[in-house]
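The structure appears below as structure tokens.
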Amino acid sequence: MTAQPIRIAVVGHTNAGKTSLLRTLTRRAHFGEVSDRPGTTRHVESADLEVNGAVAVRFFDTPGLEDAVALREHLAAFDTQAAHPTQATPPERIRRFLQGPEAHGVFEQEAKVLRTMLDIDAAFLVIDVREPVLPKFRDEIELLNSCARPVLPVLNFVRDAASREPAWKELLSAYGLHVQVRFDAAAPFVGAEQDLYNDLATLLRERRELLRGVVDTLAAEAALRRQSACARIAELLVDAAAVRRTVSATEFADTARRNALVAALQKAVFDKAQRCTDDLLALYGFRQGDADEAPLQAIEGRWTLDFFSPEAMKDAGLRLGKGAVIGAAVGVVADLAVAGISLGAGAALGGAIGGAVSQGWGPLGRKIANKLRDMHELTVEDAVLFTMITWQLQLAQALERRGHAATQRINADATANAPTDGDAQARADATTRAAAAAVRGGQPSRNHPDWEAAAGNVAGRMFWRPSPQREALVADLSHALLRAFEPA
């Protein structure tokens, strides 16, 4: 017999982040409506969390409590009106209120919350810790406690500079709510979901086994998403490294023709990178072009960076290599790239990386020019690959820390120069090492232009199949990329 799902009401003051929390917990970016306007949720809506194909948890998103102070006074009047006031328990008072006309009038929104509270196993009390601890919040807690259901406070916006977390913890403890969870719905802490359900298990001991299954499933899903993300990024690396465009000596000597060929190659590589970005967004439950969510700056700006620009190379070197030259981090000499001249090998004079072949030759360019035969081959330089793969890893890391209710774009430029803790610096160093190791490991792709995915026309893409050797290399590179996510 399948166990009945755990029924959880998500309750709290208006605009505390209840719907935002549910979007993140269910990974449903379009559940309900998220807005800065108070009282956005007006009706009780449900959302399910499945484990192994069965509903394990059923959430109920409730309207915000709007006038708990007046409702508490209204309920207190029941005692003076009742023949035997001392015999009424708090839940009985709530049920009596729900049968009265006020539950369908002035206290309609509160009635929806309390009616739901009487029909669930537990409640998540979402608290915006930026709010001052006012008397109305005490009345809300007392109302919820009157329903005699376990209540687990979820402290939202704890990272905000205006957080009043200590004051809130003191208030909650005064009402017996000692088990509390710190959970920023827009940018959850790593492992916050597991903590949420583990703490809930302390309140619902009889459902502990089911909740343990939820925790295990969440951990397995997170690991699988991470592995899939690294596999997709490894696919991009092999795909881009395998790119080879053959150019006749005559065409190469024609500046206009050469520039056009280089531009076409750059666009092909950029399109591959953008498809990988879109796939990562979809993997983590975000959608490109979602105007309601604006989930990441992957749609415009940062994550659509021109990987071939000198600014991108310099930026990647400063951010990730601690000022070191990218080529040194990768450990591959540009003019020794297999298969001929690489993008940027002839750009030593201009200092641009990737595609600026026409900017001038210089000593390095002349050295390569002496080796040229009748046919030239353009490939993607390692520094470009390094920057591109690093960017994709950063995107995956950002998505792991991104709540599905976030409405603000990630401002990478604003965070780049902000003070970083040891964990952030360790993560950046691990990303650099993983990307560099992957680029080194992906060098065999340069000998296999047939490994370029979706090469040729549309019909060719339909029938293209990767070779076992290519798939084996992708698997090896994905393991190397996983090191970017390992703790220091």
key: Glu209 atom CD: more than 12 heavy-atom contacts under 6.0 Å   =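 Counting other residues, nucleotides and ligands, CD of Glu209 stays at 12 neighbours or fewer.
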- Query: For atom CD of Glu170, is the number of surrounding heavy atoms from other residues, nucleotides or ligands below 6.0 Å larger than 12?
  - Reply: no
Can Val51 and Leu218 be said to form a side-chain contact (heavy atoms from CB on, under 4.5 Å), step by step? CA-CA 9 Å; Val51 172; Leu218 288 173; over 6 Å; no
Contact between [X] and [Y] at the side-chain level, heavy atoms closer than 4.5 Å - yes or no?
X      : Y      : value
Phe183 : Leu21  : yes
Ile233 : Leu395 : no
Pro5   : Val57  : no
Ile6   : Leu210 : yes
Lys18  : Phe124 : no
Pro153 : Val181 : no
Ile141 : Arg138 : no
Leu114 : Leu71  : yes

Shortest non-hydrogen contact from [X] to [Y]?
X      : Y      : answer
Ser173 : His178 : O-CE1, 3.4 Å
Ala148 : Pro91  : CB-CG, 3.7 Å
Leu385 : Ala240 : CD2-CB, 3.6 Å
Trp451 : Ser467 : NE1-OG, 3.1 Å
Arg115 : Ala103 : NH2-CB, 4.3 Å
Ala234 : Leu481 : N-CD1, 3.7 Å

Derivation and outcome, side-chain contact (heavy atoms from CB on, under 4.5 Å), residues Met388 and Val269
CA-CA 10 Å; Met388 183 167 58; Val269 175; 3.9 Å; yes
Of Arg95, Arg149, Lys112, Arg7, the one forming a salt bridge (charged side-chain N to carboxylate O under 4.0 Å, His left out) with Asp119 is Arg7
- Task: For the pair Tyr197 and Phe59, name the ring-plane relationship: parallel under 30°, tilted 30 to 60°, perpendicular over 60°.
- Result: tilted
Plane angle bin for Phe97 and His74 - parallel if under 30°, tilted between 30 and 60°, otherwise perpendicular:
perpendicular
Between [Y] and [X], is the closest basic N to carboxylate O distance under 4.0 Å?
X      : Y      : result
Asp279 : Arg232 : yes
Arg58  : Glu50  : no
Lys169 : Glu165 : yes
Glu400 : Arg225 : no
Glu140 : Arg72  : no

Is it the case that the side chain of [X] and the backbone of [Y] share a donor-acceptor pair, with hydrogens and angles ignored and the cut-off at 3.5 Å?
X      : Y      : answer
Asp61  : Val44  : no
Ser445 : Gly442 : yes
Gln392 : Ala273 : yes
Thr202 : Asn198 : no
Asn156 : Val129 : no
Ser163 : Arg159 : no
Glu92  : Thr89  : yes
Glu110 : Asp67  : yes

Spacing of [X] atom [atom1] and [Y] atom [atom2] [to the nearest 0.5 Å]:
X      : Y      : atom1 : atom2 : value
Leu236 : Ile389 : CG    : CD1   : 4.5 Å
Cys276 : Leu237 : SG    : CG    : 10.0 Å
Thr217 : Leu49  : OG1   : CG    : 8.5 Å
Phe386 : Asp382 : CZ    : CG    : 11.0 Å
Leu171 : Trp168 : CG    : CH2   : 6.0 Å
Gln99  : His104 : CD    : NE2   : 9.5 Å

Please evaluate residues Asp271 and Lys267 with respect to the criterion salt bridge (charged side-chain N to carboxylate O under 4.0 Å, His left out), reporting the C-alpha separation (whole Å), side-chain torsions for both, the decisive distance (0.1 Å), and the verdict. CA-CA 6 Å; Asp271 289 345; Lys267 184 179 185 307; 2.8 Å; yes
Next on the checklist: Looking only at side-chain N and O atoms, does Thr431 offer a donor or acceptor that is under 3.5 Å from a partner on Gln394?
Outcome noted: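 No, because no side-chain N or O of Gln394 sits under 3.5 Å from a partner of the opposite role on Thr431.
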List the steps, then state whether side chain to side chain donor-acceptor pair (under 3.5 Å) holds for Glu131 with His13.
CA-CA 10 Å; Glu131 292 279 352; His13 194 66; over 6 Å; no
Output, in order, the C-alpha distance, side-chain angles, deciding distance and verdict of side-chain contact (heavy atoms from CB on, under 4.5 Å) for Glu73 and Val69. CA-CA 6 Å; Glu73 294 175 353; Val69 176; 4.1 Å; yes
Just one of Leu25, Thr116, Ile120, Val126 clears the side-chain contact (heavy atoms from CB on, under 4.5 Å) bar with Val10, so which one?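 Among Leu25, Thr116, Ile120, Val126, the one that satisfies the side-chain contact (heavy atoms from CB on, under 4.5 Å) with Val10 is Val126.
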- Message: Go through it in stages, so that I can follow the logic: the residues are Glu235 and Arg470, the test is salt bridge (charged side-chain N to carboxylate O under 4.0 Å, His left out), and I'd like the CA-CA distance, side-chain angles, deciding distance and then a yes or no.
- Response: CA-CA 9 Å; Glu235 284 270 1; Arg470 182 187 190 277; 2.8 Å; yes
- [ ] Apply side chain to side chain donor-acceptor pair (under 3.5 Å) to the pair Ser478 and Gln227, showing each step before the final yes or no.
- [x] CA-CA 7 Å; Ser478 66; Gln227 292 168 5; over 6 Å; no
So Val11 and Leu65, side-chain contact (heavy atoms from CB on, under 4.5 Å) or not? Walk me through it. CA-CA 8 Å; Val11 299; Leu65 294 166; 5.6 Å; no
